[in-house]
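Some notes on the structure that comes next.
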Amino acid sequence: MQQTQWYKSKTPWYEPPASFFQQTGREPKTAIVIGAGLAGASAAYQLAQLGLQVQVLEQAHSMAQGASGNLAGALHPLVTADWNLRSQWYAQGLQASLAFVQPRLATGQISGELSGLMHLAVDEKNRQRMQQAVQRVAHLSGLAHWCDAAQASQKLGGKTAQSGLFFPNAGWLNPPSIVKYCLAHSGVSVKYACPVLAAEYDKRNQAWLISTPNRGWQADVLVVATGAISGLNEVFSLPIRPVKGQVTSLKPEHQAWVLKCAVAHQGYSAPAPKGYAVTGATFEAPDLSPESSEQADQQNRAMVQASLPDWLCSTTKGALGRVSFRPTTPDHLPIIGAQPDFDWMMRQYFSASSSHTPYRFPPVVYQPGLYVSNGHGARGLMSVFLAAELISAQLVGKPPPLSAKLYAASHPARFAVRHWQRG
């Protein structure tokens with residue numbers, strides 16, 4: 001009779017990976033990152049900081065062509081009426097983002113302003129939820145204070161009839177400037193108009209082999225930061241759903257008064273470089289057309305006018321609508337970190353009953369040198385830097401910068417494991 005092997009972990013499918021050195025017996029020297037948006041650029045920067053030579057492959061003709069190309073994005077805590085898993089995850093993500101951007105904002109290396117963000121209560125239900133959040137969640141009470149409509153108007157620089165939460169250390173950032181800064185690292189090279197056709201691991205040489213239309217590439221480490229629309233998402237078992245969104249870029253002459261700080265309402269509005277402003281954004285699933293529309297711009301204007309009725313001039317002729325696709329996931333948390341070997345998981349986990357005690361299952365096996373940073377949705381500014389930190393830590397064998405609960409919440413295998421556990 002075969003004796004049952006017993007292991008130690010209660011969640012072996014989420015056990016952290018061994019370092020690259022432990023997996024291969026050597027130090028990593030080269031990396032390829034697929035994607036030159038916020039996720040790919042931040043990961044490339046962190047890997048270059050470790051001393052790796054990083055090659056970024058981007059299918060578009062320039063960087064930040066997806067949602068990372070918007071003139072401004074809002075950065076502020078996630079407000080929920082309870083301290084749920086997403087709230088906790090993004091609270092830590094926000095801290096990682098602030099740690100990265102604050103010193104670089106101070107030196108002018110990236111563009112933006114963290115001088116405050118006003119989160120308006122757009123209706124009574126929203127107002128009650130926000131006030132409950134401040135009362136119930138101790139974390140929020142130290143980050144924000146309540147403003148009545150008059151105080152909110154003073155913060156914004158113009159009239160609003162709505163009250164809300166003011167976050168003094170939140171604000172707006174210019175994503176293209178962050179991408180440009182990260183990709184300018186001396187250890188990073190970028191190849192544009194270079195779609196990746198295939199990627200496979202060469203066990204003999206312990207390297208990732210990447211096929212593109214004009215040549216092949218090879219590296220010790222591969223980071224998949226492909227964004228919303230890519231055939232590679234399915235190849236790497238990433239359940240990414242693209243959701244179309246359009247923002248409207250407003251010129252100075254479109255604004256009756258200058259917005260003093262970023263504001264969240266039904267959508268968001270924020271100042272942008274050179275006197276511009278951005279407002280939006282629409283959610284247009286399942287539409288996957290890349291074309292902008294006047295209807296979407298009208299929707300953006302209607303959202304902002306409901307909260308800031310006299311901010312926009314009577315005509316916004318010449319305003320520019322910009323379409324991008326958010327890479328969303330079923331649970332609205334990103335997919336980050338070392339990528340497990342799903343074929344191995346099928347044999348060792350999914351072919352057995354999930355009712356067996358976890359101690360009977362061995363720790364998960366990961367694909368050597370393969371990492372993911374995707375599914376950041378509409379909150380990439382609050383998640384990509386934490387994702388890059390996690391990938392960097394896993395590569396060298398440091399403890400993950402997340403608690404076990406939050407680490408599992410964004411683990412690349414979580415959807416497959418949940419499906420198996422549901423029977």
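Contact check for Ile336 versus Tyr371: no side-chain heavy atoms found under the 4.5 Å cut-off. At a threshold of 4.5 Å between non-hydrogen side-chain atoms, the residues His411 and Pro340 count as touching. Residues Met345 and Val364 meet the side-chain proximity criterion, which asks for heavy atoms closer than 4.5 Å. Looking only at side-chain heavy atoms (C-beta outward), Thr24 and Asp220 stay at 4.5 Å or farther from each other.
Pairing each heavy atom of Ala228 with each of Ile240, the nearest pair is O-CG2, 3.8 Å. Here the closest heavy-atom approach between residue Ser373 and residue Ile391 is recorded as CB-CD1, 4.1 Å. Closest approach of Ala272 and Leu71 over heavy atoms only: CB-CB, 4.0 Å.
Panel note: side chain Gln339, backbone Ser237; no donor-acceptor pair is recorded below 3.5 Å. The backbone N or O of Ile335 sits nowhere less than 3.5 Å from a side-chain atom of Asn374 that would complete a donor-acceptor pair.
Pairs of residues two or more places apart, or lying in two chains, that qualify as ring-ring contact (aromatic ring centres under 6.0 Å, His included) and include a residue from residues 23-71 are Tyr45-Phe100, Tyr45-Tyr181, Tyr45-His185.
Between Tyr407 and Tyr14, the distance separating the two ring centers is not shorter than 6.0 angstrom.
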Discussion item. Set out, in order, the CA-CA distance, both residues' side-chain angles and the distance that settles salt bridge (charged side-chain N to carboxylate O under 4.0 Å, His left out) for Arg301 and Glu294, then state yes or no.
Written reply: CA-CA 10 Å; Arg301 291 194 292 270; Glu294 174 59 27; 2.7 Å; yes
Worksheet item: Stepwise, does the side chain to side chain donor-acceptor pair (under 3.5 Å) test hold for Gln162 with Ser307?
Response: CA-CA 7 Å; Gln162 297 166 348; Ser307 295; 2.8 Å; yes
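Atom-to-atom distance recorded for Gln92:CD and Ser87:OG is 13.0 Å, nearest 0.5 angstrom. Note that OG of Ser249 and CG of Asp297 are 9.0 Å apart. Values are rounded to the nearest 0.5 Å. In this structure, CD in Gln305 is found 10.5 Å from NE2 in His265, a value given to the nearest 0.5 Å. One distance of note links OG1 of Thr30 with CD of Gln218; it measures 7.5 Å at 0.5 Å rounding. Put simply, CZ on Phe21 and CZ on Arg26 are 11.0 Å apart, with the number rounded to the nearest 0.5 Å. Atom CZ of Arg215 and atom CD1 of Ile210 lie 11.5 Å apart (nearest 0.5 Å).
By the neighbour-count criterion of 12 heavy atoms within 6.0 Å, atom NE2 of His356 is densely surrounded, having more than that number from other residues, nucleotides or ligands. Around OH of Tyr276, the count of heavy atoms belonging to other residues, nucleotides or ligands within 6.0 Å does not exceed 12. Residue-environment remark: CD (Gln295) stays at or below the threshold of 12 foreign heavy atoms within 6.0 Å. For Arg241, the CZ atom is loosely surrounded, since the number of other residues' heavy atoms within 6.0 Å does not exceed 12.
In this structure, Lys260 does not pair ionically with Glu113, as no charged nitrogen and carboxylate oxygen lie closer than 4.0 Å.
Ring geometry, His76 versus Phe167: the interplanar angle falls from 30° to 60°, so the pair is classed tilted. Ring orientation note: the planes of Trp13 and Trp420 are nearly perpendicular, at an angle over 60° on the 30°/60° scale.
Arg104 is linked by a salt bridge (charged side-chain N to carboxylate O under 4.0 Å, His left out) to nothing, counting only residues two or more places apart in sequence or in another chain.
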Quick one: side chains of residues 50-60, donor-acceptor pairs under 3.5 Å with protein atoms, not counting sequence neighbours, listed by atom name and distance.
residue, atom, partner, partner atom, Å
Gln55, NE2, Ser189, O, 3.3
Glu58, OE1, Ala36, N, 2.7
Glu58, OE2, Ala60, N, 2.9

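Only one option out of Asn233, Thr328, Leu288, Asp287 pairs with Pro242 in a side chain to side chain contact (heavy atoms under 4.5 Å, CB included); it is Leu288.
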